[in-house]
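Small disclaimer: the values here were computed from a predicted structure and weren't measured. For the numbers below, each heavy atom of this structure counts, side chains included, while hydrogens, waters and symmetry mates do not.
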Amino acid sequence: MQEKSPAVGAATAKIFHLHVILFSVFLLPLETSAAGVASDTLNNGGNLTDGSTLVSAGGSFTLGFFSPGSPSKRYLGIWFSNSTSAVVWVANRDSPLNDTAGVLVISGATGELLLLDGFGQAAWSSNTTTGAGPPPSEAQLLESGNLVVRGRSSGDVLWQSFDHPSNTLIAGMRLGRNPRTGDEWSLTSWRSRSDPTTGDYRNGMGPGGLPAIVTWRGAAKKYRSGPWNGAWFNGVPEMTSYSSMYTNRLVDKPDEVAFVFDDAAAGVPFCRLVLNEAGVVQSLVWDQATQAWNALAQSPRDVCDDYAKCGAFGLCNVNTATTLFCSCMAGFTPASPSRWSMRETSGGCRRSTPLECGGGDGGAGTTTDGFVAVRGVKLPDTDNATVEMGATLEGCRARCLANCSCVAYAAADIRGGGAGSGCLMWTGGIIDARNVDKGQDLYLRLAKSELGKQKSNEYQKKAVLRSFRNSHELFERNIEFPFLNFEDVVASTNNFSDSNMLGKGGFGKVYKGMLGGGKEVAVKRLSTGSTQGVEHFTNEVVLIAKLQHKNLVRLLGCCIHGDEKLLVYEYLPNKSLDYFLFDDSKKSMLDWQTRFNIIKGVARGLVYLHQDSRMTIIHRDLKASNILLDEKMRPKISDFGMARIFGGSEQQESTKRVVGTYGYMSPEYAMEGIFSVKSDTYSFGILLLEIVSGLKISSPHHLVMDFPNLIAYAWNLWKDEKQRDFVDTLVIDNCSLSEVFRCIHIGLLCVQDSPNARPLMSSVASMLDNEGVPCPVPNQPIYFVQRHHEAEEQGKYLEKSVNNVTLTMLEGR
Ligand SMILES: *[C@@H]1O[C@H](CO)[C@@H](O)[C@H](O)[C@H]1NC(C)=O
Ligand SMILES: *[C@@H]1O[C@H](CO)[C@@H](O)[C@H](O)[C@H]1NC(C)=O
Ligand SMILES: *[C@@H]1O[C@H](CO)[C@@H](O)[C@H](O)[C@H]1NC(C)=O
Ligand SMILES: *[C@@H]1O[C@H](CO)[C@@H](O)[C@H](O)[C@H]1NC(C)=O
Ligand SMILES: *[C@@H]1O[C@H](CO)[C@@H](O)[C@H](O)[C@H]1NC(C)=O
Ligand SMILES: *[C@@H]1O[C@H](CO)[C@@H](O)[C@H](O)[C@H]1NC(C)=O
Ligand SMILES: *[C@@H]1O[C@H](CO)[C@@H](O)[C@H](O)[C@H]1NC(C)=O
Ligand SMILES: *[C@@H]1O[C@H](CO)[C@@H](O)[C@H](O)[C@H]1NC(C)=O
Ligand SMILES: *[C@@H]1O[C@H](CO)[C@@H](O)[C@H](O)[C@H]1NC(C)=O
Ligand SMILES: *[C@@H]1O[C@H](CO)[C@@H](O)[C@H](O)[C@H]1NC(C)=O
């Protein structure tokens, strides 16, 4: 009988939806059929060699050897027969065999299931022991996908694969633990799509409070489902919508606290829950008609699912008008308002008025504190909360009030309205609360004087929300803007001496200066030609100076003297990104962590410019040389708002000035002079690809590794799943491949030809910050591939005027 080649798997994979291919293209088990009828059972004394398989009685599952990545790494696993890429269990995930000599046997002596290499050495063992009894007789792959080892006489299950999950939960499996034995059922991610090695993420039942599913990365919590409320996990209301597909049961017994995943009924589509390599749990349903896995749901699903994003007493809400998703709970204010306004919200909130509790007789009974309801939330982390199963909600209120360390309470079980079936009480901090559909009420303890304020606060908040501008102004400090003495500033630069020159940009030269007190500054001398009157100029400068963000270079002041206009900026000692990135001798100072921090910082700075400042600022000339680095190599965007200061308005396409740099300019900007926040997204994408690859975009006459340009190069490697080859060789050996690959993916999303297809920078920032946020599939870039061929024919720069916008650009014909 002839063996089918692995290409059979590839052909099957081709008809999957694209998003499914992303998860599956590496997974091509060697599809083979053993001579004769495939059996579901391995008897003691028999063996299963590489190339043969066990197939469950109804044909749903197959057990055999496969290589998801390198063919020299062979694994034993179980997969869904109709979708060979859907591997549900792997035996030797951390000890692959290096050839096809592996064989699965049942040890006659000990009764263990053993995976032996070509030398008879065990690469993996089930570690079953039969104790005093006789060795087991057989291993059987059940139609449920469970591989069980049975004892000879009793038929007892001695070992089963369902008790040792890999990254996948299928019907009949559970997540949880046995509090008596300490045994656990949890999922651990693969290292990558092509590498089943135990990865960074684990998903299982949380340790304390009410039962809740938690995802950890190492020891750190990344995601929490919220407590079981009697019917669903409080933070995952969508669970209720899929009850026709599968059921979620909670078992809470002395020897088992577990979440059990079951098909709703026989004949429903096949479902699996997978903890993927990015730490996201996806619910996938097999559609036999389209031969594809459809994603029903995932967790985490958005930025507010980031564990403890808003810190203690913070509340996260994704449906806000700005990217400041965090607010403080009623009666609390940001612990550090300045950090908070810069989106560093993990520091949380502090109480505006101290509780009265604690005075007098040991704190009990006399307090005049009360409670305010925080409505519709995923309840805070319950690890340290006290669970009172018998109590009524009224009883809990009294109990909480009587105990000074109690800061909040809530119903533990919402069935029957939640009034009578127990409650949760929190002491100390309240963490990881968010607004959620079908959320619960959390009763938060406040001082009496605070309670009175809450009504008027609620009114004020609504008023502020009505006025988008106002809500921003609340965060903006009313700064005194310094107009500096012209002579002082000029003298500080040694009268604009060449030795003080730091660089030269589109708007003029930049000099290093030293102001009184030894303060180092960068002075930009605007070239003459500014169309702005003095009043307009100062107005714009004052506005731009109000933009303060840790990833923006700060404008400190300005001076005007006749035709001369100077802008004074904070000085950054470590030059700009291009100085390091494109210099072979300095490149190595940018390790992956530094690069990734630069990428994320630039994204945050752009989000602030686009969305969070009181006006929308489009940078229009984002590039490596405009990213300055501070002493800790943290990025700060420079040259933003220049079009406003120099002349023209951001909102109208009417500037006469060319802004933009070849390669970084989006097609629509370069061709038609149309710019928008999406042209910045494009430039950011280019920058991202440069940072990852260490290659420069602006070399129009040079092929990049045989591709017409960097985008085409990135696209082709990404499409062929060879992203690794795109990465700068200086960082590849010491970086998180999942981060790097994700960056390439996001870069390709940003450089899509259609501005509408490109994500907003706020989405880019959340995709970068949270591996759980899904990335759409990018479209193939066309523009630069074509443009470049034209450019090669012409090989020259031309000036072109479109709608009175003059652009210096590569011109086609
Ligand atoms: C596997 O079974 C075959 C045929 O029964 C036998 O020749 C071979 O020695 C066995 N291999 C091992 C490792 O037990
Ligand atoms: C495979 O691994 C064994 C040790 O387990 C080693 O002796 C052998 O040389 C390896 N073979 C190859 C082709 O790397
Ligand atoms: C079996 O036991 C060995 C030795 O204690 C251990 O290294 C191995 O991880 C165990 N295997 C499994 C599958 O638990
Ligand atoms: C698997 O494929 C077979 C044949 O194409 C089909 O009859 C069966 O229903 C499929 N199984 C599932 C679970 O979709
Ligand atoms: C629970 O208490 C421990 C010990 O004080 C603390 O380390 C941990 O952060 C607390 N967890 C939560 C969720 O508050
Ligand atoms: C208050 O609650 C904490 C935590 O549940 C508990 O340890 C403490 O004993 C309680 N104090 C009183 C006076 O009930
Ligand atoms: C700068 O120019 C001023 C006025 O022309 C002159 O007095 C001063 O000496 C110059 N300073 C330097 C360092 O050249
Ligand atoms: C790898 O990167 C980490 C973090 O950037 C750094 O601390 C470590 O020294 C690097 N290791 C090597 C071998 O370069
Ligand atoms: C960055 O600047 C700081 C302070 O001037 C300096 O100590 C550090 O060496 C610089 N780093 C690089 C990579 O130049
Ligand atoms: C271009 O500028 C000229 C002169 O400033 C003006 O007359 C003309 O109307 C402008 N055209 C457009 C399309 O704005």
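- Of the listed residues (Arg604, Lys222, Arg742, Lys309), just one forms a salt bridge (charged side-chain N to carboxylate O under 4.0 Å, His left out) with Asp769, and that residue is Arg604.
- Side-chain contact between Asp305 and Arg434 is present, with at least one heavy-atom pair separated by less than 4.5 Å.
- Residues Ile744 and Val727 form a side-chain contact, since some pair of their non-hydrogen atoms from C-beta on lies under 4.5 Å apart.
- With sequence neighbours excluded, the residues forming a ring pair (Phe, Tyr, Trp, His ring centres under 6.0 Å) with Trp715 are Trp718, listed by chain and number.
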Legend entry - Candidate pair Leu97 and Leu115, rule side chain to side chain contact (heavy atoms under 4.5 Å, CB included), full reasoning: CA-CA 9 Å; Leu97 300 169; Leu115 177 62; 4.2 Å; yes
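- The distance from the CG atom of Asn167 to the OG1 atom of Thr198 is 10.0 Å, given to the nearest 0.5 Å.
- Put simply, the residue from Trp89, Trp79, Phe270 that forms a ring pair (Phe, Tyr, Trp, His ring centres under 6.0 Å) with Phe61 is Phe270.
- A search for ring pair (Phe, Tyr, Trp, His ring centres under 6.0 Å) contacts involving Tyr201 returns nothing, not counting sequence neighbours.
- Under the 3.5 Å distance criterion, the side-chain polar atoms of Arg177 are matched with a main-chain donor or acceptor of Gly206.
- Note: Trp228 and Phe233 have perpendicular aromatic rings, judged against thresholds of 30 and 60 degrees for the angle between ring planes.
- Side-chain polar atoms of Asp195 and Trp190 form no donor-acceptor pair below 3.5 angstrom.
- Between the Ser194 side chain and the Gly69 main chain, no donor and acceptor come within less than 3.5 Å of each other.
- Glu238 is listed as a side-chain neighbour of Arg301, based on a closest heavy-atom distance under 4.5 Å.
- Between the side chains of Ser83 and Trp286, no donor-acceptor pair of N or O atoms lies under 3.5 Å.
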Inset, instruction - Mind running side chain to side chain contact (heavy atoms under 4.5 Å, CB included) on Asp728 and Ser693 for me, showing each step along the way? - result: CA-CA 4 Å; Asp728 193 338; Ser693 65; 5.7 Å; no
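- Using modelled atom types, one finds a donor on one side chain and an acceptor on the other under 3.5 Å when comparing Ser67 with Arg74.
- Between Trp592 and Phe596, the angle of the ring planes stays under 30°, which puts this pair in the parallel group of the 30/60° scheme.
- One finds no salt bridge joining Asp432 and Lys221 here, because no Lys/Arg side-chain nitrogen approaches an Asp/Glu carboxylate oxygen to under 4.0 Å.
- Here the CD-CD1 distance, from Glu112 to Ile106, works out to 11.5 Å after rounding to the nearest 0.5 Å.
- With no hydrogens or angles considered, no side-chain donor-acceptor pair links Ser56 and Asp40 at under 3.5 Å.
- SG atoms of Cys316 and Cys310 are separated by 2.5 angstrom or more, inconsistent with a disulfide link.
- For the residue pair Glu143 and Ser60, a side-chain donor N or O sits within less than 3.5 Å of a side-chain acceptor on the partner.
- A donor and an acceptor atom, one from each side chain of Ser166 and Thr168, are nowhere located under 3.5 Å apart.
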Legend entry - Pair Arg224-Lys378, side chain to side chain contact (heavy atoms under 4.5 Å, CB included): steps then yes or no: CA-CA 10 Å; Arg224 206 172 55 87; Lys378 165 166 129 181; 3.6 Å; yes
